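Down below is the structure, laid out as structure tokens.
Treat the numbers as computed from the prediction; the structure is a model and nothing was measured. Throughout, residue positions are numbered sequentially from 1 according to the sequence presented.
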Amino acid sequence: MYLTEKEIFNQYEALKETYRYLVDEKEKIVSFKESASFSSITYIGSGSSYTLCQSAAVSTQLHLGMPAYALAAGDLMLNFEQYRNIIKDTLLVAPSRSGSTSEVVESIKKAKKEYNSPCISISAKKGSILGGLVDYSLELPWIFDESVCQTRTVTNLYTVNLFLIGAMAGDKNLLDEIGNAVENGEDFVAKYTDKLTEIGSQGEWNKVVILADGELSGIAGEAAIAFKEIPQLISNYYHVLDVRHGPMVLIDKDTLVIMAAPQGGLSFQQDLVDDIKEKGAKIITVGDQQEGEFNSDLHVQLPPYKYYGVAGIPFIFIPQVIAYSKALKRNINPDLPAGLDPWIEL
């Protein structure tokens, strides 16, 4: 068994431990928010972690009603002066698998030195470099991916970001809905694994387009990264209706489209799915809509979450499984993509 397979399929076991840990940490999170001084939240990360920051920034704006930003850590490290007006009054939150990625570490050091910025780190390692620099560190070693490509770690870091936001917002309903998604995740995995594996192992498509909006925008960007890293295919993410504004010309019979269907504007989405099908592409729709509402090749039905960001937890499993199955079909080792390191130390 490849490490990637193990890490994809035991991610809900890890998520249950993560949720228990976060419930225990909830009062510390609330206390930290009350004691720290900040007027915005800025999420910084590299690679997959940066995509999670993009989702978290949207969730923060929606649930905390506070300005929020997502910065690529390398951008911040190289161009710190340009971001002074953001950094000087912000809470920095840094999700990281290793807690040692150079761009993240150096950015935090600079922010602490210049502004003594309050910082939270979230890492999959105990005693990381990053954890030693910040004011409050959440450490989850059970989510660490040994494979170069992140899967289990990504899902867990996404969930931690969302829980952190819910705790700071004092939104018990959001926290409970996260808990329900985690508790029901293994049933979801069992229901759809065979269908998703078949799409990956039998389809002749060789490029991928991911569509999503809102809080799922960032995690959808991570889905595109998963297809680049694991089966090593051309893949891109776009907002749902934005795919019409140019990218549509590249969708054809060789394309797999995975669309996280928003909760509104059903007729516009149905028309889009029909147009994609007319171009010969294979399309998977994912959302709380009923079977048959889309003319898609597969509809993955999610519970009707009140908080759309929670849908990101089950959503990311879908591209992970398909990407893994596609890698096996292409005789690619999913654990060791050539030329890629698990994290970067400059």
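- A distance of 10.5 Å separates CD of Gln61 from CD1 of Ile41, quoted to the nearest 0.5 Å.
- Residues Gly214 and Val58 approach most closely at C-CG1, 3.9 Å, considering heavy atoms.
- The hydrophobic clustering, which links ILVMFWY residues whose side-chain heavy atoms are closer than 4.5 Å, places Phe188 and Tyr305 together.
- Summarising the geometry, atom NZ belonging to Lys26 is positioned 11.5 Å from atom CG belonging to Leu22; distances are rounded to the nearest 0.5 Å.
- Side-chain contact annotation: Thr90 with Ser40, donor-acceptor N/O pair under 3.5 Å present.
- For the pair Glu7 (side chain) and Asp145 (backbone), a donor-acceptor distance under 3.5 Å is absent.
- Under the 3.5 Å distance criterion, the side-chain polar atoms of Ser49 are matched with a main-chain donor or acceptor of Pro95.
- Comment: Lys16 does not engage Glu13 in a salt bridge, judged by the lack of any side-chain N to carboxylate O separation of less than 4.0 angstrom.
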Run the salt bridge (Lys or Arg N to Asp or Glu O under 4.0 Å) check on Lys329 and Glu204 step by step: do they pass? CA-CA 10 Å; Lys329 181 183 180 182; Glu204 296 304 318; 3.1 Å; yes

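- The side-chain hydrogen bond (donor to acceptor under 3.5 Å, both in side chains) test with Tyr136 singles out one residue from Lys28, Lys33, Glu25, and that residue is Glu25.
- At a cut-off of 3.5 Å, with distance as the only test, a side-chain donor of Tyr237 or Ser217 sits close to an acceptor on the other residue.
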Before giving the answer on side chain to side chain contact (heavy atoms under 4.5 Å, CB included), spell out for Leu233 and Trp205 the whole-Å C-alpha distance, their side-chain angles and the decisive distance to 0.1 Å. CA-CA 10 Å; Leu233 296 176; Trp205 47 271; 3.6 Å; yes

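- Side-chain N or O atoms of Ser55 include one that pairs as donor or acceptor with a backbone N or O of Ile219 at under 3.5 Å.
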Passes side chain to side chain contact (heavy atoms under 4.5 Å, CB included), Thr151 versus Ile230? Steps please. CA-CA 10 Å; Thr151 52; Ile230 300 175; 4.1 Å; yes

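- By the rule that hydrophobic residues join a cluster once side-chain heavy atoms approach within less than 4.5 Å of another member, Leu272 and Val209 end up as members of one cluster.
- Two residues are said to be in side-chain contact when any heavy atoms from C-beta on lie closer than 4.5 Å; His63 and Glu215 meet this criterion.
- The closest side-chain heavy-atom distance from Lys277 to Asp297 is below 4.5 Å.
- Pairing each heavy atom of Ala224 with each of Ile210, the nearest pair is N-CG1, 3.9 Å.
- When side chains are defined from C-beta on, Phe294 does not count as touching Ile283, because their heavy atoms never get closer than 4.5 Å.
- Side-chain contact, Ser201 with Ser325: no donor N or O sits under 3.5 Å from an acceptor N or O.
- For the pair Glu114 and Arg84, the minimum side-chain heavy-atom distance is below 4.5 Å.
- Rounded to the nearest 0.5 angstrom, Leu250 CG and Lys279 NZ are separated by 8.5 Å.
- Here Asp254 contributes atom CG and Leu256 contributes atom CG; the two are 11.5 Å apart, rounded to the nearest 0.5 Å.
- Counting heavy atoms of neighbouring residues, nucleotides and ligands inside a 6.0 Å radius, atom CZ of Phe268 does not exceed 12 of them.
- By the neighbour-count criterion of 12 heavy atoms within 6.0 Å, atom CD1 of Ile234 is sparsely surrounded, having that number or fewer from other residues, nucleotides or ligands.
- Residues Tyr307 and Leu162 have side chains not in contact (no heavy-atom distance under 4.5 Å, counting atoms from C-beta outward).
- Leu328 is linked by a side chain to side chain contact (heavy atoms under 4.5 Å, CB included) to Tyr2, Tyr324, Pro334, counting only residues two or more places apart in sequence or in another chain.
- The 12-atom threshold is not exceeded at NZ of Lys6, counting heavy atoms of other residues, nucleotides or ligands nearer than 6.0 Å.
- Judged by distance alone, the side chain of Asp89 and the main-chain N or O of Ser39 form no donor-acceptor pair under 3.5 Å.
- Between Tyr308 and Leu216, the shortest heavy-atom contact is O-CD1, 3.3 Å.
- For Arg97 (side chain) and Ser48 (main-chain N/O), no donor-acceptor pair under 3.5 Å exists by modelled atom type.
- Follow the hydrophobic side-chain contacts under 4.5 Å out from Ile44 and you never reach Tyr158; the two are in separate clusters.
- In plain terms, the two heavy atoms of Leu92 and Ser117 that are nearest each other are CD1-CB, 4.2 Å.
- Contact check for Glu293 versus His299: no side-chain heavy atoms found under the 4.5 Å cut-off.
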Could you check Thr255 against Asp252 for side-chain hydrogen bond (donor to acceptor under 3.5 Å, both in side chains), going step by step and ending with a plain yes or no? CA-CA 6 Å; Thr255 309; Asp252 56 25; 3.2 Å; yes

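- Distance check: Met168 CE to Ile29 CD1 gives 8.0 Å after rounding to the nearest 0.5 Å.
- The two residues Gly99 and Ser96 have their closest heavy-atom pair at N-OG, 2.8 Å.
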I would like to know whether Tyr83 and Asp75 meet side-chain hydrogen bond (donor to acceptor under 3.5 Å, both in side chains); could you show each step before the answer? CA-CA 9 Å; Tyr83 292 107; Asp75 184 357; 2.6 Å; yes

Apply side-chain hydrogen bond (donor to acceptor under 3.5 Å, both in side chains) to Thr155 and Tyr12, showing your working. CA-CA 9 Å; Thr155 313; Tyr12 277 95; over 6 Å; no

Take Phe227 and Ile258 through the side chain to side chain contact (heavy atoms under 4.5 Å, CB included) test and state the conclusion after the steps. CA-CA 12 Å; Phe227 279 104; Ile258 302 175; 3.9 Å; yes

Run the numbers on Ser121 and Ser137 for side chain to side chain contact (heavy atoms under 4.5 Å, CB included), then give the verdict. CA-CA 5 Å; Ser121 69; Ser137 177; 3.2 Å; yes

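- Side chain of Gln11 to main chain of Ile8: a donor-acceptor pair is present (N/O by atom type, distance under 3.5 Å, no hydrogens or angles).
- Here the side chain of Glu103 pairs no donor or acceptor atom with the backbone of Ser46 at under 3.5 angstrom.
- Contact record, Gln269 with Ala261: OE1-CB, 3.1 Å, taken as the closest heavy-atom pair.
- Salt bridge annotation for Asp135-Lys112: present, with a cationic side-chain nitrogen under 4.0 angstrom from a carboxylate oxygen.
- The closest side-chain heavy-atom distance from Ile276 to Leu211 is below 4.5 Å.
- Linking ILVMFWY residues whenever their side-chain heavy atoms come closer than 4.5 Å, directly or via other members, places Leu174 and Ile122 in the same cluster.
- Cluster membership for Leu15 and Leu138, using ILVMFWY side-chain heavy atoms within less than 4.5 angstrom, is shared.
- Considering CD of Gln150 and CD1 of Ile143, their distance stands at 8.5 Å, rounded to 0.5 Å.
- The shortest side-chain heavy-atom distance between Phe38 and Met66 falls under the 4.5 Å cut-off.
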Run the numbers on Lys109 and Glu106 for salt bridge (Lys or Arg N to Asp or Glu O under 4.0 Å), then give the verdict. CA-CA 5 Å; Lys109 285 181 178 178; Glu106 294 305 316; 3.6 Å; yes

